[in-house]
Every structure is written in structure tokens, then in C-alpha cells.
Amino acid sequence: MKKLVEVIAKSLVENPEEVVVTETEKEDAIILELKVGQSDMGKVIGRQGRIAKAIRTVVKAASSKCDKKVIVDILQ
């Protein structure tokens, strides 16, 4: 899942070297924290959060085979 979020985010931003994805595993969930450069924040979130919602939807679909919930957090 980490690689998937990383590939999607790097294709959206102008500074792909600033994209950092960290993965934290808990008992019932996997938390993916996405950090991008300040100037690219709008590109990852999108208007009214549409792109962020789409990223979460794709990750949810990809994680349907594992039994854990996957949470994507976009950090500043």
C-alpha cells in the first residue's frame, strides 16, 4: 500500500523528491501518512478534497484482500 500511495502522489506533484510516505501498522489498521511539499499540497488534496478522496478510494479497493483497514492521512 505504501508504494501505491507514493506512486500516485509523485505523479501528481511538481516536486516528487519531497513526497514521503510512512506506514504504521496497528492491530486492526494500517496508517499511511503522506507528506508533500507545501507548494504541492493543493495538488494532492484537490478542489473540495476530490483528489484526496480518490486516493483513499483506490487504496481501499487495493486493500480489500487484507483484513485490516487502511487509513490515508495527508500531513502538512
Side-chain angles (χ1 to χ4, degrees):
M1 295 304 138
K2 177 181 175 182
K3 190 70 175 168
L4 175 63
V5 173
E6 200 172 296
V7 168
I8 292 171
K10 283 185 178 182
S11 66
L12 293 171
V13 299
E14 287 188 26
N15 301 315
E17 65 277 352
E18 293 183 17
V19 173
V20 177
V21 180
T22 56
E23 184 174 357
T24 307
E25 228 175 296
K26 297 194 175 182
E27 291 179 17
D28 59 342
I30 298 172
I31 301 171
L32 297 170
E33 294 179 338
L34 172 62
K35 293 181 186 176
V36 296
Q38 190 65 32
S39 61
D40 291 326
M41 189 62 73
K43 293 181 178 91
V44 173
I45 295 174
R47 289 192 178 184
Q48 298 178 349
R50 288 190 180 125
I51 294 176
K53 186 177 178 183
I55 292 171
R56 291 182 177 116
T57 302
V58 169
V59 170
K60 184 177 178 182
S63 70
S64 63
K65 291 188 177 185
C66 72
D67 296 333
K68 294 186 177 185
K69 181 179 179 180
V70 178
I71 301 166
V72 179
D73 286 337
I74 300 172
L75 306 176
Q76 287 186 342

Sequence neighbours left out, what pairs pass side chain to side chain donor-acceptor pair (under 3.5 Å) with at least one residue falling in residues 59-73? Glu25-Lys68
Under 4.5 Å side-chain linkage, directly or through intermediates, the cluster mates of Ile55: Met1, Leu4, Val5, Ile8, Leu12, Val13, Val19, Val21, Ile30, Leu32, Leu34, Val36, Met41, Val44, Ile45, Ile51, Val58, Val59, Val70, Val72, Ile74
Looking at residues at least two apart in the chain, or sitting in another chain, which of them share a side chain to side chain contact (heavy atoms under 4.5 Å, CB included) with Thr22? Val20, Glu33
Counting only heavy atoms not in Glu17, do more than 12 sit closer than 6.0 Å to its CD atom? yes
Charged N-O contact under 4.0 Å between Lys10 and Glu6: yes
